[in-house]
Protein chains: 2
Amino acid sequence: MKLDAMRAACSKCNLRELCLPMGLTDADLQHIDRLVGARRSLRRGDALFCAGEPFESIFAVRSGFFKTRVSVDDGRERVTGFQMAGELLGLDGISAERHTCDAIALEDSEVCVIGYSRLEEVSRDVLGLQRQFHRVLSREIVREQGVMLLLGGVRAEARLAAFLLNLGERLRSRGFSGSSMVLRMTREEIGSYLGIKLETVSRAFSRFQEESLLEVRQRNVRVVDEAGLRRLAFEAPG
Amino acid sequence: MKLDAMRAACSKCNLRELCLPMGLTDADLQHIDRLVGARRSLRRGDALFCAGEPFESIFAVRSGFFKTRVSVDDGRERVTGFQMAGELLGLDGISAERHTCDAIALEDSEVCVIGYSRLEEVSRDVLGLQRQFHRVLSREIVREQGVMLLLGGVRAEARLAAFLLNLGERLRSRGFSGSSMVLRMTREEIGSYLGIKLETVSRAFSRFQEESLLEVRQRNVRVVDEAGLRRLAFEAPG
DNA sequence: CGTTTGCTTGACAGCATTCAACGTTGGTGG
DNA sequence: CCACCAACGTTGAATGCTGTCAAGCAAACG
């Protein structure tokens with residue numbers, strides 16, 4: 001977990017259309033290059049931050065893959081999200097000025113460190129940034145609402161189908177295949193995120209394969225019948 | 001659903017310590033009186049806004065009680081939250097500049113209309129407001145994370161117990177009893193929010209009464225054994 | 001006073017969990 | 001290079017919680 005002295009420039013970053021600077025004008029882009037203090041590299045398994053730590057920065061995933069999790073009572077953990085390149089980590093820490101979850105790298109990763117007081121300062125000057133930051137916060141609210149609907153409303157197989165479709169979309173918008181993917185997380189982590197047990201995840205994968213919706217070999221997943229998967233994800237419960 | 005010409009002054013509002021102005025200095029308070037454009041009154045059953053409508057304002061509950069809901073596919077609805085005095089509505093609309101849910105008054109209510117562009121403008125001048133608004137957005141993210149944990153991790157009875165405790169806390173911080181409350185929503189709405197069926201909600205209430213955790217008569221609920229309820233809410237699943 | 005809406009309760013079915021055993025993969029060290 | 005171990009994944013059988021369907025009751029409303 002080393003600190004990279006090199007400052008990152010959003011204006012030259014090829015993730016700028018996915019990340020915080022999304023939609024900003026070129027002029028605004030110039031102004032926000034002072035936002036990112038440094039990059040930070042993490043090895044697989046490293047914690048970017050932990051619940052309870054003072055909140056000072058948010059983080060943008062530059063490369064790699066993360067999970068966020070909370071520990072409930074007796075050591076059990078629950079995964080609250082997965083983050084890939086261009087997505088932000090730490091937004092939940094703003095409210096109480098302490099992080100409320102752990103962020104763990106699921107593979108070797110790199111993040112941009114965005115000092116929060118700096119962000120507040122710059123977003124007063126740069127209207128586009130203020131607007132965009134609010135959008136990002138709001139989008140996270142909407143995303144979680146979607147997860148709530150999933151967790152509360154639909155059966156295990158539909159949850160997994162929706163999860164895979166969502167993962168595919170996010171990969172696709174990053175220029176990857178979207179139908180052929182390598183999962184970075186274990187069955188247990190998927191299950192924890194979706195509110196089901198790892199055995200149930202495994203069974204759902206097997207059944208999807210039987211029904212020719214997917215080809216699954218361990219963490220390699222290929223979506224064979226996306227329409228079928230989509231039908232399953234949106235079906236009525238029961 | 002009428003528009004009240006009288007402008008509301010946050011600086012004189014007795015909800016200011018619960019609402020958006022929470023924690024602001026007296027000096028800042030003066031500056032944000034221009035925030036609230038008008039009040040709006042709603043009758044029970046009225047929609048404050050609906051999913052898909054253009055987003056222009058957020059709303060602060062001045063009095064009364066609301067639910068937010070989304071309609072999934074074929075007319076079924078899912079409740080995504082309940083809001084009482086001092087809480088904000090419409091934050092999810094920022095991301096796409098359209099509301100993503102319906103907000104329905106569960107009793108005759110009044111809200112303060114906060115124009116969003118005005119809010120952005122003022123929060124550039126008033127540092128405390130900028131900070132507080134970010135906190136509010138972040139708090140909503142954290143709140144939803146809590147619901148996700150509930151929905152994904154625990155049994156029906158634990159969900160209801162946690163729900164009642166949360167409701168009690170919020171009532172208490174508004175000067176009400178917290179242990180003796182009148183529910184403003186139906187069993188079906190509670191169930192929809194908690195991801196369980198209304199029959200299950202009803203059974204859980206009955207069982208809580210058998211076990212002397214609650215006294216329930218229709219929508220009148222009295223918490224008899226708060227510690228016991230808390231134990232139930234945090235217990236391991238299964 | 002009747003109708004509508006909301007609430008309670010019972011019986012049964014179904015899906016997910018639990019417990020358990022076994023298979024696979026990848027890394028380590030002999 | 002192979003053996004071995006640990007972590008991860010798959011599958012089966014039994015249990016149990018929650019959903020479904022149905023009936024009856026209570027409260028609210030006009």
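This one's a predicted model, so the numbers in the text were calculated from it and none came from an experiment. Labels below follow one simple rule: chain letters A, B, ... track the order of the sequence lines, proteins then strands, and each chain is numbered from 1.
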Expressed in angstrom and rounded to an integer, what is the separation of [X] atom [atom1] from [N] atom [atom2]?
{"X": "Lys197(B)", "N": "dA22(D)", "atom1": "NZ", "atom2": "P", "value": "16 Å"}
{"X": "Leu194(B)", "N": "dT18(D)", "atom1": "CG", "atom2": "P", "value": "12 Å"}
{"X": "Leu160(B)", "N": "dT8(C)", "atom1": "CG", "atom2": "P", "value": "11 Å"}
{"X": "Arg44(B)", "N": "dG6(C)", "atom1": "CZ", "atom2": "C1'", "value": "11 Å"}
{"X": "Arg159(A)", "N": "dA16(C)", "atom1": "CZ", "atom2": "P", "value": "8 Å"}
{"X": "Glu157(A)", "N": "dT17(C)", "atom1": "CD", "atom2": "P", "value": "12 Å"}
{"X": "Arg184(B)", "N": "dA28(D)", "atom1": "CZ", "atom2": "C1'", "value": "16 Å"}
{"X": "Arg155(B)", "N": "dT18(C)", "atom1": "CZ", "atom2": "P", "value": "11 Å"}

is_close_aromatic(Tyr193(B), Phe82(B)), centroid dist under 6.0 Å:
yes
message = Between Arg170(B) and Glu87(B), does any side-chain N to carboxylate O distance fall below 4.0 Å?
response = yes
| message | Regarding Glu56(A) and Arg98(A), does a basic nitrogen lie under 4.0 Å from an acidic carboxylate oxygen? | response | no
Over all strands shown, is Gly195(B) touching base, sugar-phosphate only, or nothing at heavy-atom distances under 4.0 angstrom?
sugar-phosphate
Residue set satisfying side chain to side chain contact (heavy atoms under 4.5 Å, CB included) with Val113(A), at least two apart, ordered chain then number -> Arg40(A), Ser57(A), Phe59(A)
For Glu226(B), the side chain to side chain contact (heavy atoms under 4.5 Å, CB included) test, sequence neighbours excluded, returns Leu165(B), Arg172(B), Val223(B), Arg230(B)
Residue Arg44(B) excluded, over 12 heavy atoms near CZ under 6.0 Å: no
Mind listing the N/O atom pairs, protein and nucleotides 9-11 of chain D, below 3.5 Å?
residue: dG9(D); atom: OP1; partner: Arg219(A); partner atom: NE; Å: 3.2
residue: dG9(D); atom: OP2; partner: Arg187(A); partner atom: N; Å: 2.9
residue: dT10(D); atom: OP1; partner: Arg187(A); partner atom: NH2; Å: 3.3
residue: dT10(D); atom: OP2; partner: Arg187(A); partner atom: NE; Å: 2.9
residue: dT10(D); atom: OP2; partner: Ser202(A); partner atom: OG; Å: 2.8
residue: dT10(D); atom: O5'; partner: Ser202(A); partner atom: OG; Å: 3.2
residue: dT11(D); atom: OP2; partner: Ser206(A); partner atom: OG; Å: 2.3

